[in-house]
Peer 1: 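One structure coming up, written as C-alpha cells, with questions to follow.
Letters A, B, ... mirror the listed sequences (proteins, then strands); counts begin at 1.
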Amino acid sequence: MAGTLFLIVFGGSYGLLAAAGVFTVLVAVGLVPRFAGKTHTGARVVLYEEMVILGTVTGCVLSIFSRYCRFGAWWQQRFPDRMNVLLAAGNAAQAVYGVFAGMFIGCLALAIAEMLDSIPIFARRISFRHGIGFAILGMALGKLSGSLFYFWAELHRAAQ
Amino acid sequence: MADVTVYLKCDRNVEVQSEDVYMSDVGSLRCADPAVSAKLRALKVHHFGKRDVRRCVISTLKLVELMEDVCPNISVQIVGEPDVLVEWVDVDRHRGIVQWLKAALVCLVSFFGTAFTIMAYHNDVGINDVFTEVYRMVMNREPGGLNVLEVSYSVGLALGIVVFFNHVGGRRLTKDPTPIEVAMRNYEEDVDKALIATAGREGREKEP
C-alpha cells in the first residue's frame, strides 16, 4: 500500500515536471505562434493549443502503454481474412503521421538553430548578402538527404 | 483660430479594409477643439494604388506635416509609436474555406508533431526502463500489466500540460493569457519591428 502510494506520487510529479519541461522548450522556440502568423489564423491560437495538448497526451499513451496499442495484432486476430484493409489503412496512417510529424520536427530544428542566431551570425561573418533563399533550400535538401540516408543505411541500428 | 494642442497616439500595426487610409485609422487624436479634431480625423494619409503593395510604413512626422498643412495653428504632441505599419487587408480574409484548411493544417502539424516529440522524449530518456526499475525497487516484484506508476505518470503529464497552458476544452482556468498567446503577441511585435526597420533602411517609409 505504501509502495503504491509512493509510486503514485513519484509518477504524478514526474509527469507534471516533464510536461512543464517539454512545453517550455516548445513555447520558447515559438513554433505554434509562427504557424499561426504564417497562416494568418492568430485568432485560433487556443484551438492550436488544444491540439498540442491532445497530441502530447496521445503520444504519451502510445509510447507508455505501447503494449496495449497493438492495433495490427488486434486486427489480425479479429479479421484474419482482411489483411489488405489493414495494410492500406496502416500505410495511410503512417504516411499522415510521418508527413505532419516531419513538418513539425523540421520547423523545430530550424527554429532552434535560429534561436541561437547561428544563421545571421554566420551570414554576417562571411559578408553574405544575397541568396539566403538558396542557403535555406540547401539546408532543406541537406536534411532530406541526411534523413533518407540515415534510414536507408539503418544507422539507428548501428548506434546500438 | 487659437493655438491648440493636439495629442496623437498611433498604434504600431493597423489593418485597413479600404484603399484609402485616414487619420482615424492609424491612431487616436485628442484635441480640445472639436472642429479641429473632426477635421484632422478625416484627413487622408495614404492611398494604396497598386493591388500588390499591401503594406506601408508611415512615419508620424509625415502625419504631423499633413496635420499642420490643414490646420497651421496647432502644435502636435506624439504620445504613441513613432512609426505606423499599415496593412491593407481584404474583407473576407478572416473567413472562407482556405482559412479552415490552413487552420486544419496547423492543427494536424501540432497534433502529430507534439505526439512525435513526446514519444521521442520518452525514447530518449528510456522511460520504460526507468519505470520498470523504480517499480522493482519499490514493490519488489516484476511489473505486470497496467501498473500504477505508468497511469499516474500519464495523469500527471496531462495535468501538467493543462495547468501550463491554462485551459481545457476551450475553457480557461484563470484569466491570464496562455503561454502561446503571449508568444504570439511577442512574435507579432517582432515582425512589426522588423518590417518597420526594413522599410526605413530601404527608404520606403513615408516621411516628410
Side-chain angles (χ1 to χ4, degrees), chain A residues 3-4 6-20 22-24 26-28 30-37 39-66 68 96-97 99-101 103-105 107-108, chain B residues 93-94 99 102-103 105-123 125 127-128 131 134-135 138-140 146-165 167-170 172 178-188 191:
Chain A
T4 312
F6 173 79
L7 286 184
I8 291 175
V9 173
F10 180 88
S13 21
Y14 181 31
L16 280 167
L17 285 183
V22 171
F23 283 96
T24 310
L26 282 186
V27 169
L31 215 50
V32 177
R34 196 161 297 208
F35 292 148
T39 54
H40 297 285
T41 48
R44 295 210 180 84
V45 160
V46 174
L47 173 69
Y48 299 153
E49 282 185 16
E50 298 288 345
M51 285 301 137
V52 168
I53 296 173
L54 265 180
T56 310
V57 173
T58 311
C60 169
V61 169
L62 285 183
S63 68
I64 299 281
F65 303 108
S66 53
Y68 300 107
V96 169
Y97 177 66
V99 163
F100 290 112
M103 281 161 82
F104 189 87
I105 298 299
C107 294
L108 189 68
Chain B
R93 189 163 124 175
H94 291 289
Q99 286 301 306
K102 282 179 183 170
L105 178 79
V106 178
C107 284
L108 284 171
V109 171
S110 309
F111 179 82
F112 287 112
T114 48
F116 181 82
T117 311
I118 200 81
M119 286 163 90
Y121 168 75
H122 287 162
N123 195 28
V125 300
I127 203 160
N128 281 318
F131 278 180
V134 170
Y135 193 89
V138 176
M139 305 298 262
N140 198 23
L146 199 63
N147 73 49
V148 63
L149 181 57
E150 292 168 346
V151 174
S152 54
Y153 169 76
S154 302
V155 171
L157 189 76
L159 265 181
I161 305 163
V162 167
V163 169
F164 186 83
F165 280 123
H167 60 89
V168 54
R172 276 156 204 267
T178 67
I180 292 192
E181 280 178 325
V182 173
M184 182 86 211
R185 298 296 162 259
N186 288 342
Y187 173 65
E188 284 172 351
V191 169

Peer 1: Could you walk me through whether B/Ser152 and A/Leu7 pass side chain to side chain contact (heavy atoms under 4.5 Å, CB included), step by step?
Peer 2: CA-CA 8 Å; B/Ser152 54; A/Leu7 286 184; 5.6 Å; no

Peer 1: Give the intermediate values and the outcome of side chain to side chain contact (heavy atoms under 4.5 Å, CB included) for residues A/Met103 and B/Leu105.
Peer 2: CA-CA 11 Å; A/Met103 281 161 82; B/Leu105 178 79; 4.3 Å; yes

Peer 1: Which value, rounded to the nearest 0.5 Å, describes the distance between B/Asn123 atom CG and A/Ser63 atom OG?
Peer 2: 8.5 Å

Peer 1: For the pair B/Ser154 and A/Phe65, evaluate side chain to side chain contact (heavy atoms under 4.5 Å, CB included) and give the outcome as yes or no after the intermediate values.
Peer 2: CA-CA 10 Å; B/Ser154 302; A/Phe65 303 108; 3.3 Å; yes

Peer 1: So, do B/Leu149 and A/Ile8 sit near enough that their side-chain heavy atoms are less than 4.5 Å apart?
Peer 2: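 Not touching, per the 4.5 Å side-chain cut-off.
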
Peer 1: Going by heavy atoms in the side chains, are B/Phe116 and A/Tyr97 under 4.5 Å from each other?
Peer 2: yes

Peer 1: For B/Tyr187 versus A/Gly37, what's the shortest heavy-atom pair and its separation?
Peer 2: CE2-CA, 4.1 Å

Peer 1: Should B/Phe131 and A/Ile64 count as side-chain neighbours, where that means a heavy-atom distance under 4.5 Å?
Peer 2: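 Counting from C-beta outward, B/Phe131 and A/Ile64 do come under 4.5 Å.
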
Peer 1: Quick check on the interface: out of A/Ser66, A/Ala18, A/Ser13, who has the most heavy-atom pairs with chain B under 4.5 Å?
Peer 2: A/Ala18

Peer 1: If you take all heavy atoms of A/Glu49 and B/Glu181, which pair is closest and at what distance?
Peer 2: OE2-N, 3.7 Å

Peer 1: Could you look at B/Ile127 and say if it's the side chain, the backbone, both or neither that has a heavy atom under 4.5 Å from chain A?
Peer 2: side chain

Peer 1: Using heavy-atom distances under 4.5 Å, tell me whether B/Val125 contacts chain A through its side chain, its backbone, both, or neither.
Peer 2: side chain

Peer 1: Measuring heavy-atom distances to chain A, does B/Val109 have an atom under 4.5 Å in its side chain, in its backbone, in both, or in neither?
Peer 2: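 Interface part for B/Val109: both.
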
Peer 1: Do you know the tightest heavy-atom contact between A/Val57 and B/Ala158?
Peer 2: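 Distance-wise, the nearest heavy atoms are CG2-CB, 4.1 Å.
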
Peer 1: Which pair of non-hydrogen atoms, one from A/Val52 and one from B/Thr114, has the smallest distance, and what is that distance?
Peer 2: O-OG1, 3.4 Å

Peer 1: Under 4.5 Å heavy-atom distance to chain B, tell me which part of A/Leu17 shows up: side chain, backbone, both or neither.
Peer 2: neither

Peer 1: Taking side chain as C-beta onward, heavy atoms only, is B/Leu157 less than 4.5 Å from A/Tyr14?
Peer 2: no

Peer 1: Report the option among B/Val151, B/Ile161, B/Val182 that has the most heavy-atom pairs separated by less than 4.5 Å from atoms of chain A.
Peer 2: B/Ile161

Peer 1: With side chain to side chain contact (heavy atoms under 4.5 Å, CB included) as the test, pick out the partner of B/Met119 among A/Thr56, A/Val61, A/Leu62, A/Thr58.
Peer 2: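 Among the candidates, only A/Leu62 passes.
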
Peer 1: Among B/Val134, B/Asn147, B/Asn186, B/Val155, who wins on heavy-atom pairs under 4.5 Å with chain A?
Peer 2: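 Ranked by heavy-atom pairs under 4.5 Å with chain A, first place is B/Val134.
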
Peer 1: At a 4.5 Å cut-off on heavy atoms, which part of A/Val22 comes close to chain B: side chain, backbone, both, or neither?
Peer 2: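 Side chain of A/Val22 only, per the 4.5 Å heavy-atom cut-off to chain B.
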
Peer 1: Start with the C-alpha gap between B/Val106 and A/Arg44, add the side-chain angles, then the distance that decides, and say whether side chain to side chain contact (heavy atoms under 4.5 Å, CB included) holds.
Peer 2: CA-CA 10 Å; B/Val106 178; A/Arg44 295 210 180 84; over 6 Å; no

Peer 1: Answer with side chain, backbone, both or neither: which region of A/Phe23 has an atom nearer than 4.5 Å to a non-hydrogen atom of chain B?
Peer 2: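 Both backbone and side chain of A/Phe23 come within 4.5 Å of chain B.
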
Peer 1: Looking at CG of A/Leu54 and OG of B/Ser110, how far apart are the two atoms once the value is rounded to the nearest 0.5 Å?
Peer 2: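 Spacing of CG (A/Leu54) from OG (B/Ser110) equals 11.0 Å.
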
